[in-house]
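Okay, so here's the structure we're looking at.
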2 protein chains.
Amino acid sequence: MGASKSTITIADVAKAAGVSTSAVSYALNGKKGVSEKTRAKVLSVAESMGWRPNSAAKSLSDSRTRSIGVVLLMHDTDEFASGNYNMECLAGLSSVLESVDYSITLRMTTGGASAACRIHRDWIESGRVDAHMVLGVEFDDPRLDLFRSHPNVPVLFLAQEQTTRGLPTLYSTDADGARTVVRHLHELGHTHIARVAGPEQYMHTLIRDSATMDECAKLGMRCDCLHGEYSREDGARLTIMFLGFADRPTAIVYDGDSQALGGLDAVQNRGLAVPDDISLISWDDSAACRSSVPPLTALHRDVRSIGKKAGRLLLAMIDGETVGAVPEDPYTLEVRGSTARPAGSAEPVGSAGSEDSAILPGA
Amino acid sequence: MGASKSTITIADVAKAAGVSTSAVSYALNGKKGVSEKTRAKVLSVAESMGWRPNSAAKSLSDSRTRSIGVVLLMHDTDEFASGNYNMECLAGLSSVLESVDYSITLRMTTGGASAACRIHRDWIESGRVDAHMVLGVEFDDPRLDLFRSHPNVPVLFLAQEQTTRGLPTLYSTDADGARTVVRHLHELGHTHIARVAGPEQYMHTLIRDSATMDECAKLGMRCDCLHGEYSREDGARLTIMFLGFADRPTAIVYDGDSQALGGLDAVQNRGLAVPDDISLISWDDSAACRSSVPPLTALHRDVRSIGKKAGRLLLAMIDGETVGAVPEDPYTLEVRGSTARPAGSAEPVGSAGSEDSAILPGA
DNA sequence: CTGAAAGCGCTTACAG
DNA sequence: CTGAAAGCGCTTACAG
């Protein structure tokens with residue numbers, strides 16, 4: 001027979017153990033105030049009765065829900081791009097929360113930032129969660145104002161620090177990533193590269209744009225840049241435009257793996273060889289980048305570990321610590337078979353070769 | 001100045017409105033027991049004070065957490081396959097819960113079914129959630145026993161009914177799907193087909209296997225079957241084996257889109273044309289199936305709507321209704337450019353052509 | 001229709 | 001060290 005009768009409370013345990021409920025509470029929570037003998041007695045009785053703390057009661061009395069709230073924005077367009085990112089990020093977060101018995105309170109919406117904002121506001125006002133994590137921040141996002149006006153509510157943004165100024169933020173090091181890519185191509189001897197960028201409505205697109213331009217300028221390189229959606233189609237389309245230039249770039253950098261895969265197809269369908277005729281690099285790494293022919297050199301970041309870091313920061317904030325702007329772990333460049341010296345070039349400038357799959361630290 | 005001072009309670013509202021807390025409670029919850037005048041007064045006062053119900057207190061007193069628990073199994077192998085499925089499913093679930101102010105309590109684990117089982121048990125014992133949703137059930141899954149021994153706990157399995165016998169289950173109609181595929185090929189005139197199946201450790205693989213065999217037998221068709229992982233590599237590898245057969249099948253059905261894409265590559269790399277030399281069908285539809293050349297005929301199901309249906313069933317169970325085994329919406333066959341009459345065959349048997357992208361109801 | 005009161009299950013000062 | 005008691009914020013019989 002199981003313990004499925006009715007819920008057993010601390011009072012039941014107290015009665016069975018012949019002590020007061022406060023003694024039971026102290027014993028169960030490992031607090032001082034009970035003798036070791038009593039504590040042992042209580043623990044064994046509670047154990048044998050199958051007692052388990054009622055989460056609602058606990059939340060009410062210590063005003064901790066043991067959950068952190070996250071609302072995901074669903075764009076019905078992208079089938080995996082952000083889906084995978086969110087999934088991995090949640091997995092990392094969950095793994096950290098697990099150890100302290102916290103859960104994720106999840107909500108998904110197709111209503112964009114304003115719908116998400118409404119949910120967060122609701123959670124704040126009802127004390128539904130102990131902390132909030134917000135992703136997918138947009139320009140003029142109402143969630144920024146919401147949390148600015150509730151400075152005591154623990155929240156962590158996963159966004160560019162430029163957009164969340166002043167709010168606790170775990171930011172990606174996109175500028176450093178862009179420079180890493182440019183330097184890699186520079187060391188291989190490229191002097192004219194192109195960038196197939198993501199939509200201009202994202203802050204990170206702008207940041208990558210300007211860091212790329214800046215680094216190229218420093219190194220005396222030319223860089224052309226076109227923007228498009230994160231799709232194979234746009235990757236191919238923009239690649240074809242670049243290939244049509246009278247003065248053709250010798251390397252193309254893509255902001256997303258779908259774009260890069262589309263670009264690879266386009267290049268090869270035109271009878272050009274990668275990396276002999278042209279080098280390709282993908283921002284965002286994925287299994288598809290690894291299994292393409294040739295495998296794509298890609299800027300890689302461990303999204304799950306980002307989720308973990310976010311979890312640690314959130315727990316710290318719940319414990320009263322103050323968090324400012326914290327950088328994610330740097331990107332790493334996974335050098336694979338899609339980058340090489342430009343055709344007809346002299347020896348590479350630096351010492352980096354493209355023979356082996358090596359890992360360069362970002363930044 | 002906001003309402004961020006200290007939390008305002010029902011007692012504050014009662015005092016401000018000059019009534020008792022019970023009157024406030026009745027008024028706020030739309031229950032009878034207060035005059036319309038009092039109700040209006042209370043509502044406006046509560047509104048102006050910015051009162052919001054405290055979720056923990058509410059949970060404690062009516063023993064409803066307003067959340068349903070789901071724990072996701074993370075296999076660090078598959079990057080998107082199940083990731084997308086889970087994401088879409090959660091999105092559907094979330095959209096249904098939203099309207100009744102329920103949230104998802106989420107946990108992710110890499111510890112497999114047993115780790116998931118521990119979490120569910122914990123939730124049951126602590127009253128952490130009002131209902132449970134379980135996915136990714138395995139053979140001899142401990143979660144089956146857990147919920148069998150807690151018949152009063154609302155739970156819904158998303159699994160094959162064969163494995164959850166007796167437990168509330170939303171099951172996929174894989175057998176019907178398999179038959180739909182076979183009939184489509186039969187109508188086109190195929191008499192010898194092959195099946196690149198998923199791993200034999202999944203119940204749905206076995207179900208698809210046997211339904212395929214059965215339907216083929218009925219229609220006098222021959223079917224060869226090989227099993228492999230859900231990967232492009234295995235899709236290509238098994239396809240090549242089939243192509244090497246002295247008596248080559250004229251159509252191949254893949255259990256997953258990755259396999260199908262890998263198979264498509266393999267076929268084309270060998271100089272064969274799809275669908276002229278061989279027809280290909282993918283179980284599981286995706287953007288990649290739509291953008292391949294030619295686009296793949298695929299068995300499609302709307303995962304988000306599955307999530308919605310699951311949500312509705314779960315809410316019904318929370319309200320005391322009994323749920324048994326319920327079928328998902330049937331698969332639909334999206335006929336695209338990868339299926340056609342076998343080379344050198346006469347007119348198709350049935351009336352189905354492969355010219356246009358039509359939708360056939362599954363089953 | 002309305003108010004006073006007990007209860008949900010746990011925590012935490014406060015006196016012995 | 002230990003017990004009796006109040007409190008967390010809300011709901012719901014129970015008497016007026």
Side-chain angles (χ1 to χ4, degrees), chain A residues 3 5-43 45-46 49-66 101 122-130, chain B residues 3 5-43 45-46 49-66 101 122-130:
Chain A
K5 189 62 189 161
S6 70
T7 159
I8 85 130
T9 77
I10 214 181
D12 300 323
V13 175
K15 183 182 298 175
V19 296
S20 69
T21 59
S22 47
V24 172
S25 179
Y26 291 138
L28 258 13
N29 292 303
K31 298 198 172 177
K32 54 193 317 183
V34 280
S35 62
E36 274 319 308
K37 183 166 162 259
T38 304
R39 183 187 304 277
K41 170 80 174 174
V42 168
L43 289 179
V45 171
M49 295 179 75
W51 173 87
R52 302 256 39 210
N54 174 280
S55 87
K58 201 154 192 154
S59 291
L60 181 56
S61 81
D62 62 16
S63 46
R64 278 219 181 184
T65 62
R66 305 200 87 76
D101 196 37
D122 209 80
W123 282 346
I124 292 175
E125 296 175 335
S126 62
R128 183 70 179 66
V129 299
D130 293 347
Chain B
K5 188 62 190 160
S6 70
T7 159
I8 86 134
T9 78
I10 214 180
D12 300 324
V13 175
K15 183 182 299 174
V19 297
S20 70
T21 60
S22 47
V24 173
S25 178
Y26 291 138
L28 258 14
N29 291 303
K31 298 200 171 174
K32 53 193 315 183
V34 280
S35 61
E36 273 319 307
K37 186 169 159 255
T38 304
R39 182 187 306 276
K41 170 81 173 175
V42 168
L43 288 179
V45 170
M49 294 180 77
W51 173 88
R52 301 255 43 207
N54 174 281
S55 86
K58 200 153 192 156
S59 291
L60 179 57
S61 80
D62 61 15
S63 46
R64 278 218 180 183
T65 62
R66 306 198 87 75
D101 196 36
D122 209 80
W123 281 346
I124 292 174
E125 296 176 335
S126 63
R128 184 69 179 69
V129 300
D130 294 346

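In the text below, chain A, chain B and the rest are named by the order of the sequence lines, each starting its count at 1.
Remark: P of D/dC1 and OH of A/Tyr26 are 12 Å apart, rounded to the nearest angstrom. Nucleotide C/dG9 holds its P atom 23 Å from the CZ atom of A/Arg64, rounded to whole Å. In this structure, A/Lys41 places its NZ atom 13 Å from P of D/dT2, rounding to the nearest Å. Atom NZ of B/Lys32 is separated from atom P of C/dT2 by 14 Å (rounded to the nearest Å). Between the CG atom of A/Asp62 and the P atom of D/dG9 there is a distance of 12 Å, given to the nearest Å. B/Asn29 places its CG atom 7 Å from the P atom of D/dT12, with the value rounded to the nearest Å.
Toward the 5' end of DNA chain C, the nearer of the two residues A/Ile10 and B/Ser20, judged by each one's closest nucleotide, is B/Ser20. The nearest heavy atom of DNA chain C to B/Ala57 and to A/Lys58 marks one nucleotide each, and the one closer to the 5' end goes with B/Ala57. Nearest-nucleotide positions on DNA chain D for B/Val24 and A/Ser61 put A/Ser61 closer to the 5' end.
Among the protein residues, A/Arg52 comes within range of the sugar-phosphate backbone only, with heavy atoms under 4.0 Å from sugar or phosphate atoms but none that close to a base. A/Thr38 comes within 4.0 angstrom of sugar-phosphate atoms only, judged by non-hydrogen atoms across all strands, and of no base. Contacts of A/Lys31 with the nucleic acid, taken as non-hydrogen atoms under 4.0 Å apart, involve only primed sugar atoms and P, OP1 or OP2. Among the heavy atoms of the strands lying under 4.0 Å from B/Ser25 is at least one base atom, whether or not backbone atoms are also near. Contacts of B/Asn54 with the nucleic acid, taken as non-hydrogen atoms under 4.0 Å apart, involve only primed sugar atoms and P, OP1 or OP2.
Side chains of B/Ser22 and B/Ser25: a donor-acceptor N/O pair is absent below 3.5 angstrom, by distance only.
At a cut-off of 3.5 angstrom, counting only N and O atoms as typed in the model, there is a donor on one side and an acceptor on the other between the side-chain of B/Ser22 and the base of C/dA4.
C/dA15 and D/dT2 make up a base pair, with Watson-Crick or G-U wobble contacts both under 3.5 Å.
Relative to the side chain of B/Thr9, the nucleotides C/dG9, D/dG9, C/dT12 differ in distance, and D/dG9 lies closest. Checked against C/dG3, C/dC10, D/dT11, the side chain of B/Ala23 finds its nearest nucleotide in C/dG3. Candidate nucleotides D/dG9, C/dC10, D/dG3 were compared by shortest atom distance to the side chain of A/Leu60, and D/dG9 ranks first. Listed nucleotides: C/dA13, C/dG9, D/dC1. Nearest to the side chain of A/Ser35: D/dC1. When distances are taken from the side chain of A/Thr21 to each of D/dA5, D/dG9, C/dA13, the shortest belongs to D/dA5.
When every heavy atom of A/Val19 is checked against every heavy atom of A/Val42, the shortest pair comes out as CG2-CG2, 4.0 Å. Closest approach of A/Val34 and A/Tyr26 over heavy atoms only: CG1-CB, 4.1 Å.
For the pair A/Asn54 (side chain) and A/Ala56 (backbone), a donor-acceptor distance under 3.5 Å is present.
A distance of 13.0 Å separates CD1 of B/Ile10 from CZ of B/Arg52, quoted to the nearest 0.5 Å.
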